[in-house]
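Worth knowing before you read on, the calculation uses all heavy atoms, side chains too, and leaves out hydrogens, waters and symmetry mates. Below, chains carry the letters A, B, ... as their sequence lines are ordered, and counting in each starts from 1.
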Amino acid sequence: MDILENLNDNQKEAVLHINGPLLVLAGAGSGKTKVLTTRIAYLIQEGISPLNILAITFTNKAAMEMKGRIYKLIGYTARDMQISTFHSFGLRIVKENYEYLGYSKNFVVIDSDDSLTVVKKILKDKNIDPNKFNPRAIRSKISTLKNELKTPDIYKREVSDVFEEVVLDVYLKYQSILQENNSLDFDDLLILPIKLFKEKPDILEYYQEKFKYILIDEYQDTNEAQYKLTKLLAKKYQNICAVGDVDQAIYGFRGANYKNILNFERDYKNTKIINLEENYRSTKTILKAANSVIRNNKNRKVKNLFSNLEEGEKINYYRASDYQDEVQFVVQKIKELAKSNNYSDIVILYRTNAQSRMFEDGLVKANIPYKIIGGINFYGRLEIKNLLAYLRLIHNSQDNVSLERIINVPKRGIGEKTISKLASTADLKQISLYEAIDSGKELIFKNIIEELKAKKDTMPLVEFIDLVLDKSGIRKEYESEKSLDADIRLENLEEFKSVAKTFEDEYGVVSLEDFLLNISLVSDNTEIKEEKNAVSLMTIHAVKGLEFPYVFLVGMEENLFPHANSLYSEEELEEERRLCYVAITRCKKKMFITNARIRLLYGTNQVNPISRFIKEIDPDLLDNISANCFEKNEKIDYNNIKEEKVDISKNYDNVDINYQVGDFVYHENFGAGKVLEIIPNLKDPTRTLLKIAFKLPYGVKTLIYSHKNLRKV
DNA sequence: GCCTAAGTGCTTTTT
DNA sequence: GCACTTAGGC
């Protein structure tokens, strides 16, 4: 089989380039993954050992996908090469060099939840008011600093206000706590290898020899640490192939710097640059829409991405009355599509995870199978986190964070007092909390852990997990509760066992250590419940790299998308726009864009303007559909009226018009309505409220509202 | 130490 | 709407 068969000239050129730096600027849908995978296959075909190849992606999903495609091309010869995310690559390096880095063998990797817990604890110990200094903000600042490779020492020099002083203070303590607990956070997985490589040239050289051929996907999304890490590794042989697209840089918020890709030529002499500009994915209409949006970014290199596919259908744009209407529209359209397509051809994309729930409800009611990708993490569930904390503590008794989490789970009558007593003993003797336990109810707990510790290597993983569930009392607690909630938790624990089972099946006998380390980097639960034919729901960030024939882009309102937090920064706004570009370019055949006139957000009804991104799309490409309103003199069915208040705090306007009950009115956002009641405000007549019935596509809704944006008809 | 009720503040996106 | 925190009664 000729692996070069289906490539165009530029793609072929990229594949055939073996030695020396190569930069592939690959527009959306231009066959980027194809180039990467074929190139790897070609390298191996040309006699380069798979052991010498390192390919780095951003998500586990992308890594899996890439592996699969290479296997398809050249079979399992490819098994020996390293395809992983930056973080799992970092983990590998740390695992191979933990001693030099000052950790012991049973180190654990903590997730961002745990690191937040650590920050909160530090604030408490230092008597810093978490209401004044937001723990999340502090954690995220520390993470940013770490990714910028700024140690506390370096940061000290630039601290300029109280918040930063607090950050510095917490940062120092945070690092020492992690070290004491023999645990690393995600950021350490990038920084520690860099530290190692800088301090130990011989070790660096070993890895340079090992990974002579390096491929980096989504190079525009690398942050300082990732950039440094690659640079160190590629320095000797310069056989680095970076693939990326500046227009798809969407991780600025976590320190990614798209300029890394622009500087590639400067960093690596004699770089060969290849542009991939033909899009094989989307119809002309969709590509034009994407281009018309991204064109509004000032900070970009103009490029010419084109499609030779058919013109295609126009983009459907539906401006719904409210979120329920928006959901109904989407559900309706999905039903229509499902007549001649698979559910798996359809994706619903939103800006924030919080938006997923209402679509989930709608799909459940309509009996449409769906899967949510990302969002509330399987491993983030309480029962799973607790079980994991047990496993971690059994594995690493230095892990104070895990101990505190579960010493009283299920309830054993151990409270704050006992823990602080333990903490002071531990502090005094310079030992861990676990080691400090010597009496009382705590000792019973310790004995359970000791017993489990002794058994951990004597049985298969799944059996051991069962044992932990039994001995800890977790299972019994949920079983005796007999509520739906408890049943779900038990089910999740069973699910966790099947994760372990799959892991064992794949790798043979595995140690608790390997299992824990492996699991710490898996964040998305997509692979756990493999639903074959289902509509996908995910954030736009999560959809990067994927494609679907039918795409619903929902919630296209100002404040939501672009998100309220990014409205005041040109940089962030451009990132939002790139995000929109990513969303549109996922679509192969037909796209649907929706928004809602009233949106239930944070518990109140809000009214948001239409997203600027919709306005940036050439109107000729859009097919507008709007919600119907009701006719003058139409009878209102008062039996089925839902009454809702709109957040009217900003909506007062001077009142000149005298409305009367029964008047027909028209409102910019809600459409036609009828005045049902006038609610006077005696203190301030300009603040008179009206109770108005508005007709929405699925029924009548009553809103209490001011006069703003309202007129008589 | 546990439980409940009431109060508070906030929510972008991910490894 | 929610998760999270706090106060107060048991």
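- Among B:dT13, B:dT11, B:dG1, the nucleotide with an atom closest to any side-chain atom of A:Thr418 is B:dG1.
- Checking C:dT5, B:dT15, B:dT11 against every side-chain atom of A:His87, the shortest atom distance belongs to B:dT15.
- In this model, the phosphate group of B:dG1 is not approached by any side-chain N or O of A:Lys441 to a distance below 4.0 Å at OP1 or OP2.
- In the set B:dT11, B:dC2, B:dT14, B:dT14 carries the atom at the smallest distance from any side-chain atom of A:Tyr251.
- Positionally, the nearest nucleotide of DNA chain B for A:Ile419 lies more toward the 5' end than for the other of A:Ala354 and A:Ile419.
- Phosphate proximity of C:dG1 to A:Arg357: absent, as no side-chain N or O sits under 4.0 Å from OP1 or OP2.
- Checked by atom type, the side-chain pair A:Ser84/A:Gln82 shows a donor-acceptor distance below 3.5 Å.
- The CZ atom of A:Arg139 sits 13 Å away from the P atom of B:dT14 (whole-angstrom rounding).
- If you check the side chains of A:Gln328 and A:Glu326, you find no donor sitting under 3.5 Å from an acceptor.
- The shortest heavy-atom contact between A:Asn106 and A:Asn396 is O-CB, 3.3 Å.
- The nucleotide whose nearest atom lies closest to any side-chain atom of A:His563 is, among B:dT12, B:dT14, B:dG1, B:dT12.
- Out of B:dT11, B:dC2, C:dT5, the shortest distance to the side chain of A:Lys120 is found at C:dT5.
- With centroids closer than 5.5 Å and planes inclined by less than 30 degrees as the test, A:Phe253 and the base of B:dT13 pass as a stacked pair.
- In terms of phosphate contacts, A:Asn559 brings no side-chain nitrogen or oxygen within less than 4.0 Å of OP1 or OP2 of B:dT12.
- Taking atom CG of A:Leu116 as the reference point, atom C1' of B:dT14 lies 15 Å away to the nearest angstrom.
- Applying the 4.0 Å criterion to OP1 and OP2 of B:dT11, one finds that A:Arg136 has a side-chain N or O inside that range.
- Donor-acceptor pairing under 3.5 Å is recorded for the side chains of A:Asn260 and A:Thr222.
- You'll find that the side chain of A:Thr539 is closest to B:dT13, out of B:dT15, C:dC2, B:dT13.
- Checking B:dT14, B:dT15, B:dT12 against every side-chain atom of A:Asn353, the shortest atom distance belongs to B:dT14.
- Within the 4.0 angstrom heavy-atom criterion, only backbone atoms of the sugar-phosphate kind lie near A:Phe58; the bases stay farther away.
- Listed nucleotides: B:dG1, B:dT12, B:dC10. Nearest to the side chain of A:Asn134: B:dC10.
- At the heavy-atom level, A:Ile414 lies under 4.0 Å from the strands shown only through sugar-phosphate atoms.
- Closest to the side chain of A:Phe186, out of B:dT15, B:dT12, B:dG9, is B:dT15.
- Judged purely by distance below 3.5 Å, without hydrogens or angles, the side chains of A:Gln248 and A:Tyr581 never pair a donor atom with an acceptor atom.
- Rounding to whole angstrom units, CD of residue A:Gln355 and P of B:dT12 are separated by 12 Å.
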